[in-house]
Structures are given as structure tokens and as C-alpha cells.
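Throughout, protein chains are lettered first and strands after them, A, B, ... in sequence-line order, and every chain is numbered starting at 1. Quick caveat: nothing in here was measured; it's all calculated off a predicted structure. The analysis underlying the following values was restricted to heavy atoms, covering all of them including side chains, and did not include hydrogens, waters or symmetry mates.
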2 protein chains.
Amino acid sequence: MFRTEVAYQSRSGTVIPLAPHLQPSLACVFERQPIEIFEPGQPIFWQSDPAKHVFEIVEGLVRVFKILSDGRRVITGFLYAGDLIGISLMDRYLYGSEAVAKTRVRRFSRQSFQQKMDQSPEFRPSLFARLSDEMAAAQEQMVLLATKTAEERVCTFLVLTARRDREAFVMSRLDLPMTRQDIADYLGLTIETVSRTFSSLASRGAITPEGRHQYRIKIEKLMTLAGEVAAFHDGSDMHDGVNARQFASA
Amino acid sequence: MFRTEVAYQSRSGTVIPLAPHLQPSLACVFERQPIEIFEPGQPIFWQSDPAKHVFEIVEGLVRVFKILSDGRRVITGFLYAGDLIGISLMDRYLYGSEAVAKTRVRRFSRQSFQQKMDQSPEFRPSLFARLSDEMAAAQEQMVLLATKTAEERVCTFLVLTARRDREAFVMSRLDLPMTRQDIADYLGLTIETVSRTFSSLASRGAITPEGRHQYRIKIEKLMTLAGEVAAFHDGSDMHDGVNARQFASA
DNA sequence: CGCGCCGTTGAGCATTGTCAAATGCGGTGG
DNA sequence: CCACCGCATTTGACAATGCTCAACGGCGCG
């Protein structure tokens, strides 16, 4: 009953694994909230701030990250239009979040959000589905970090990022608004290794730079180079790949 | 409800950061289910099986893992008494699970479980809390895999494992029922590196072998060697247990 | 008592990190 | 419009951590 129609449609509704987000049901919780704008680099909230709000990204790109005591940063995910930030339901944010590109969000008090979830059963399925997707994405990221080489990581990243963007997926034209440092912190690599890998991919024609943050990509080539996906029982691969919103976090 | 007490005291400890899990409310969902026993190595379910059941671990130790197409294995977590398996609410399990030690579990059909969650608001807070804890753990694991050295990983593992077990935490006596291969697959290392790291730790007196799967540990030394914990503001590194509780009564 | 499995240890090597310097994109001001 | 400047990015040389391959050790079980 949690796992309802809505959740299922989030998967199968769109043919291309574009954006299973934007469940109408959850989106309309935020519908009447005013839109706030965050400029590139602007924080939305900080790690261990009291978790007062839940945010819906209307448009833009957000990075979600943890800062370690030695100053290093780990990006646990990039969030796109339709994603929610801060649903983890802890009393403090376990991570910080900043706009990467100009981002428009709607804000909802967490208290009201929880109330809404409690009182309106029709919203719960998609909330749970979202948490599940997020968990699946986290596990995929663990697999990436635990087993993949630098090149596989970068290619995986490019493929999954391309999937978030219809233009990228269909037109082979990929925008990467985030910096190299962002990518490095996300993939558990150094900026130099990321850079070298991009160069190497370019030299082999898997990607072609068209400006600093735009590339023409050969998606099949990248998919091959991305290496292993979870195995077991034929259908499962597709299943995982299609369902898991690889970048969701929060 | 009192079954809860039993479970708390049975083996895995009690007051210490032991289990934010085992919220009495959730435990009693499983209360009347018969106990099933899984012997070491025995699978509970396989990756991409239809997710028909939710399990509560009454006693024992379970590994949860993904198998990659090249045969490698990534262990995404170890689960202890009081933990739940299979709450991810996808229609298929995204991972396999096997008993590491002799394990007793209670099984609940996922359908009934979801029904229960839907109909009984009093259970929802602790379910949410649990999902949040799981997410927090996943993010910590990402941090570990993205930034830590072999030694830091092993020490982190030892400290966190010790925290699950009162005897280990208080008496400095730690049981590690899992194999080196399990540990390696969990920490994103090879079995050789894990072994070497154990030897090195032993030679420096941070741990003292007392049999193949038992060690006497110096927890403070290990905590130091474990390196970075998330920074920023107060003592946010205790997040796992602390935050979940707020929902216990919501 | 011996076999097999799990774990340990060793040597060499590869990938990736570190440190340092050069390059060039993109924005700004003349 | 062009030149310049700052900063992200790239590239290079080198070091090191952890992996691979290989052999050995020892505990447990038949």
C-alpha cells in the first residue's frame, strides 16, 4: 500500500530514465510556496544546522556534501529539478548543500511537511519511493567508490549525468555546470586525476570538449568504459539502472 | 513490548549507541512471528528476488551485499540484532543477504508490513527514523570509501563494530565473526591489505589477537587511527543514534 | 594425521596522489 | 574590440599506497 501505483509509474512512466522525479503528488505539496533563488555557490543550508525545512528544487543544480575535520569535502550527490533536499528526517542536516548553478527552490517547513505526510496518505507512497531511490543511489555510489577505477568512475558519472538531461541523452550534448573539484569530490578522486581522465577520454574520442563546461559525448562508448553494473538475474540490471535515481541524495 | 527487553539484553548490548533501532514500536510488529534460524553462510534472500518479506534480526549477524557482473562482491553493510532487512520498499531486493554467524530472524510479509505502516501511525516515526539512520550510515560509508586510507578504514570498522557490542566496548574484547574477505569487500580493499593492516595494528599494540576471530582492542588508539570524522559545529558525529530518537514519540 | 581453507607475508608493480608549473578560458576594464 | 588578469584546469615528474601474483603457515575438521 506504500508501494502504490504512483511509485510504479515513476519507474515505468517515462521510457528513457530521464526524471522519475517530480511525482505530481509530492510536487503539489510545495505548489503554493514562493520560489526562492540561489545563485551559484550560495549555500542553501549548512551541515548540522537545525533541519527546519525541506526544499524542492524547481530548477537548477545543487551539490550536497560533507566537510571533514581536515577540510576535505565529500560530495554525496548532485540534485536536479524535481529532487527534494532535507527529507532525511533527522533533526539536523547531516550535510551541507549549495547551488552549483542558478537554482530556484520552494521551501516547506519540515514540521508542516511531516504533518502533511502523516495526514495525507496519498503522499506517502511517493515519499517512500523517493527514500528508496535515494538509498539505491547511495548503494550504487558505494559500489562505484569501492570497486571502480578512475576512468570507470568518470564514465559512470558522465553517463548518469547525461541521463538526467534529455538534451544530453538524445543530442549527445552534455553540460557540466559543476567544477572539476566538484566532480573529484564526488568520485573520490583528485582534481588532477579527473582532469587527466577527461583528457584521455577526449584523446580517444569518447568525449569532445566544446567549451569548458560543455562536451559532445559518445554515450555508448562511455557506457562501455563505465564498466560493471550490478549483476545477477538478467532483468535485474535494467531494473536497477532504470529505478535508481543515481544522484538523488539528501 | 517486553520481548524488546529480552532482545536488548540478549547479546548485542543495551544502552550504549547500540541500537537506535529496535524502537519498541517497530519490534512489536514482528512480535508474534515465528523465529527462523539461518546457519552461517546461508542466504536469507538473493539480489533481485521479488521483495516479498521484511525481516527482523533477533540475534546474529547478517551481511548485505551486491554481486557485480565480474563476480566481485561489495558488502554494503553488516546487520545486527534489532536491525531490519528489506525495508527499502522496492519491489525487488537490490542486494543479497546471508547469515554470517548463526542468526535468528522473524519474517513479515512485506504487504502486511506496509499495511501495518499505513494503518498504524504510531509505527511510522520509528520506521522513518530507521530509514534515516540507514541513509546516514550509507553516507558515512561513502565518506570512508572516498577519503580514507586502508588503516583508517580498518580502524573505523573496528570502532564501529565494537560499538555494536557492549562487551567489546566495555571489556575491550571484540568478536569478528566475519571473514577477512567480508571485511575487505566491505571496506573496498583486498584481503591482503586487510590482513597486513591487522598485522600492523597488532604490532603496534592497537589490537591483540586472541584467536582468529577475537581481539583485545584499545579503543582510544583505534579511534585516533580511524582519522577524520565529519566536522562542522558541535558533536555532529554522533548523528546515528541521537537524531532518530526525536521521532519515537511523534 | 592430513587435507583444505583461511589467513599471512613477501616482492614487484600499477594506479592514483602529491607537488609544481604552465596553459588558457572567461570576465573586466581600458 | 582588445588586452589583461585571475582562476580553473591541464600537464609533468615523482612518490606512495594499495593491488597482483605467489608462496607459506596454521587452525579445524574429517
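- Take B:F55 and apply the ring-ring contact (aromatic ring centres under 6.0 Å, His included) test, not counting sequence neighbours, and it matches B:F45.
- Residue-level contact check: A:S195 touches the bases, meaning some heavy atom is under 4.0 Å from a base atom.
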For nucleotides 10-16 of chain C, tabulate all protein N/O to nucleotide N/O atom pairs closer than 3.5 Å, reporting atom names and distance.
{"residue": "C:dG10", "atom": "N7", "partner": "B:R196", "partner atom": "NH1", "Å": "2.7"}
{"residue": "C:dG10", "atom": "O6", "partner": "B:R196", "partner atom": "NH2", "Å": "3.2"}
{"residue": "C:dT16", "atom": "OP1", "partner": "A:A150", "partner atom": "N", "Å": "2.8"}

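- With sequence neighbours left out, the salt bridge (Lys or Arg N to Asp or Glu O under 4.0 Å) criterion links B:E98 to B:R63.
- Rounded to 10°, the helix from C:dC1-D:dG30 to C:dG30-D:dC1 has 40° between the axis fitted to its first five pairs and the one fitted to its last five.
- Among residues at least two apart or in separate chains, ring pair (Phe, Tyr, Trp, His ring centres under 6.0 Å) pairs with a member in residues 206-225 of chain B are B:F198-B:Y215.
- The outermost nucleotides of DNA chain D lying under 4.0 Å from heavy atoms of chain B, listed 5' to 3', are D:dG18 to D:dC27.
- Within the structure, salt bridge (Lys or Arg N to Asp or Glu O under 4.0 Å) contacts touching residues 193-202 of chain B (residues at least two apart or in different chains) do not occur.
- Residues forming a salt bridge (Lys or Arg N to Asp or Glu O under 4.0 Å) with A:R73 (at least two apart in sequence, or on another chain): A:D182, A:D185.
- B:I191 has its CD1 atom 8 Å from the P atom of C:dT8, to the nearest Å.
- For A:R204, the side-chain hydrogen bond (donor to acceptor under 3.5 Å, both in side chains) criterion is met by A:E151, A:S200, not counting sequence neighbours.
- Residues passing the ring-ring contact (aromatic ring centres under 6.0 Å, His included) test with A:F38: none are found, sequence neighbours excluded.
- With sequence neighbours excluded, the residues forming a side-chain contact (heavy atoms from CB on, under 4.5 Å) with A:K102 are A:I37, A:E39, A:P40, listed by chain and number.
- A heavy atom closer than 4.0 Å to some atom of DNA chain C occurs in B:S199, B:R212, these being the qualifying members of residues 199-212 of chain B.
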